[in-house]
2 protein chains.
Amino acid sequence: MPSKTTLKDLANLAGVSVSTVSKALNDSPEIGARTRQRIKDIAESCNYVPNNIARSLKSRSTKTIGVIIPAILIEFFNKVLYGIEQEATERGYKIVICLSNESSRKEAESINTFINGSVDGVILSVAEETQKSKVYDHFEKSAKHNMPMVMFDRVLDDITCDKVTVDDFEGAFNAVKFLSDLGSKNILFLNPISNTSVGQHREDGYVKAVSGLNQEPNIVNVSHYTEIEKALSTVFNNQKIDAILAADEYSAALAQNAARLNNLKIPQDLSVIGFTNGMVAEYANPSLTVVSQHAENIGKIAAGILLDRIEGKLRAEPVNKVVKTKIVERNSTKNI
Amino acid sequence: MPSKTTLKDLANLAGVSVSTVSKALNDSPEIGARTRQRIKDIAESCNYVPNNIARSLKSRSTKTIGVIIPAILIEFFNKVLYGIEQEATERGYKIVICLSNESSRKEAESINTFINGSVDGVILSVAEETQKSKVYDHFEKSAKHNMPMVMFDRVLDDITCDKVTVDDFEGAFNAVKFLSDLGSKNILFLNPISNTSVGQHREDGYVKAVSGLNQEPNIVNVSHYTEIEKALSTVFNNQKIDAILAADEYSAALAQNAARLNNLKIPQDLSVIGFTNGMVAEYANPSLTVVSQHAENIGKIAAGILLDRIEGKLRAEPVNKVVKTKIVERNSTKNI
DNA sequence: GTGAAAGCGCTAACAG
DNA sequence: CTGTTAGCGCTTTCAC
């Protein structure tokens, strides 16, 4: 605990009252120019820094927002976090982060950490366990406390609050269309996250698009990345497919590796598109064409909404922002 | 600002004094069991949550630590952050993060944000600009305020505080030895971070090791990842090299791609080792052999030291922990 | 122009 | 056992 000089100390040194010092440092016009400067000099020489905790107590605002994400090592969340940080910093707010690690218990604990006045609002993406169990007590509690809250990506329909989501359905739909326009006629969907709402929306978009093209949906669900190589090799040996849409970037990279093992050239023999525009996609060989969710942007938008809400710039009804995806073209798809 | 019920509200409801309520809720033995329970029930029914800001003001402890990292999208820092979060959470602390984005100005601003009592201590890795400019005013200031501080990875010799560093010198040294044992005779060092202390240590280790093998140091410094492809192509055309040690994983991945463009087979014609054990290394093709710095562990260690310091468990002199590296072998180096 | 006093919400020594 | 009081550091009326 840093030993701090306080207003009282300065008041003693200057031979004036605490309130005079406070006003002087805050450039109140009430204080004479000469006294003001004198006090400022003393403060300077003492390395005075006003105590933020005391200020927060007085002002009932912490200029801090809480962020709860399921994991920080997943690049998507990391990028969202980056976006949040940028927007927050720009608007003079700090961020404190908690990780739920996909657990409802940790998520609830984090909400409790935030509900006690230490932040002005919360941004979060719901933990997988919570989505499955459908136990939302902690969110109801925070809503009861009037805590400004925005959910992103993984949101809860049953909870009333501001939300920012990605149009995963359309993203997958457009990716199929993109592949089809390139001439692909047998497009496979590789899904390692079929048990999340997000994975499901992507599958739905794929099915819809492929049906529109009079192709049969061809879906490979895997529950682990390690299964991909074997699963795809089987496919390559028995069917002729000319494109793969993968539900995330890791599976897309692994699909490329599997293809190479089976002597398929990318993109000549096989086009590959993944979801999520991250490092792995960028540094893969060939570099991956992906459906970008604009992760960073999602973070900025979510933070923007939250801060607007905190600062009373929004009307009562919750805002519901849907972010469109975009295809980032690289070398894993033919360039025509 | 969530409208909160306070101790006063509860006191009114229960018809007792504020301090009685406080003691009851804190299970003070001074309060009779019946009153205590009655008060707790009332608190419960009001969804009472004690105000943390007020508590912090009183206790002069925020149970929060500040983290300043140069970037969050660099996986190494992200992993360290993860380690910090784990240790902090386990010991009952929250973390608030600021990004310096490698800028001295933002770094100083972050220090200022923290110095005002909003955190109990700080963990940081120095911004590139600060390392170049050697302007350390903000750190001296925070030291003057007795702010507990631990630097990790990129540290400043001139500042007295706890430090956690990686044995980058030895890491590079061992990597060269590893390559040499595999039969490599012309090992090139690719360095995109030559202006950081870390990049310099790695280079030193490389030079030392290579000299011991009676090879001439062969160093390619680049200031941008985009330069790598051209720089290496020139090298491949004019020299015969059979191994590359890259100072991070991204440059290692790009080196592989450059090699492939020049019709070099990995690992048959060329072995590649990178620094940092991240996603890109794991999903590269071929997967990259790397020097792991145990990023997550560094975070845990740094947080552990900081919390020990905050809680007064450490003697005055600064601790200086050096973390050893380890080679993680994958497919970019020959398997003999 | 400057200062006294109240109060943000909580804790804790000290009375009763 | 319960209440009174003071105070953490700051801001802000309201007197003087």
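Side chains are part of it too, since the values below use all heavy atoms of this structure and drop only hydrogens, waters and symmetry mates.
Side-chain nitrogen and oxygen atoms of B:N26 include at least one within less than 4.0 Å of the OP1 or OP2 phosphate oxygen of C:dT11. Residue A:R60 has a polar side-chain atom (N or O) positioned under 4.0 Å from OP1 or OP2 of C:dG9. Checking the phosphate oxygens (OP1, OP2) of C:dT11, a side-chain nitrogen or oxygen of B:R55 falls inside 4.0 Å. OP1 and OP2 of D:dG9 both lie 4.0 Å or more from every side-chain N or O belonging to A:Y48. OP1 or OP2 of D:dG9 has not a single side-chain nitrogen or oxygen of A:T6 nearer than 4.0 Å.
Of the two residues near DNA chain D, B:E30 and A:N52, the one whose nearest nucleotide lies more 5' is B:E30. Judged by closest nucleotide on DNA chain D, B:G32 is the one of B:G32 and B:L57 placed further toward the 5' end.
One can place CG of A:L25 at 13 Å from P of C:dT2, the figure rounded to the nearest angstrom. If you take CD1 of A:I53 and C1' of C:dG7, they are 18 Å apart, rounded to a whole angstrom. Separating the CD atom of B:Q37 from the C1' atom of D:dC1 is a distance of 17 Å, rounded to the nearest angstrom. Taking atom CG of residue B:D9 and atom P of nucleotide C:dG7, one finds them 15 Å apart after rounding to whole Å. Spacing between atom CG of A:L7 and atom C1' of C:dG3 amounts to 14 Å, rounded to whole angstrom units. Distance CG (A:L10) to P (C:dG3): 14 Å, rounded to an integer number of Å.
Distance from the side chain of A:K58 is smallest to D:dC10 among C:dT11, D:dT2, D:dC10. Of the candidate nucleotides C:dC10, C:dG3, D:dT4, D:dT4 has the atom lying nearest to any side-chain atom of B:S17. Side-chain proximity of B:T35 to the nucleotides D:dC10, D:dC1, C:dG3 is greatest for D:dC1. Relative to the side chain of A:I31, the nucleotides D:dT11, C:dT11, C:dT2 differ in distance, and C:dT2 lies closest. In this structure, of D:dT2, C:dC10, D:dC10, it is C:dC10 that holds the atom nearest to the side chain of B:P50.
A salt bridge links A:R105 to A:E109: at least one charged side-chain nitrogen sits closer than 4.0 Å to a carboxylate oxygen.
Between the side chain of A:S19 and the base of C:dA4 there is at least one donor-acceptor pair of N/O atoms closer than 3.5 Å. Donor-acceptor pairing under 3.5 Å, judged by distance alone, is present between the side chain of B:K23 and the base of D:dG3.
Dense packing is recorded around NZ of A:K63, with more than 12 heavy atoms of other residues, nucleotides or ligands lying under 6.0 Å away.
Nucleic acid contact for A:S22: base, since at least one base atom lies under 4.0 Å from a heavy atom of the residue.
Side-chain contact check for A:S118 and A:N116: at least one donor-acceptor pair (N or O, by modelled atom type) lies under 3.5 Å.
A donor-acceptor distance shorter than 3.5 angstrom exists from the side chain of A:N51 to the backbone of A:I53, with no hydrogens or angles considered. A donor-acceptor pair under 3.5 Å is formed between the side chain of B:E129 and the backbone N or O of B:S104.
Direction of the helix axis in the helix from C:dG1-D:dC16 to C:dG16-D:dC1 shifts by 50° between the two five-pair termini, rounded to 10°.
Nearest heavy atoms, A:V16 versus A:V21: CG2-CG2, 3.7 Å. In this structure, A:L99 and A:S110 approach most closely via the heavy-atom pair O-OG, 4.4 Å.
Counting heavy atoms from C-beta on, the side chains of A:K4 and A:Y48 never come closer than 4.5 Å.
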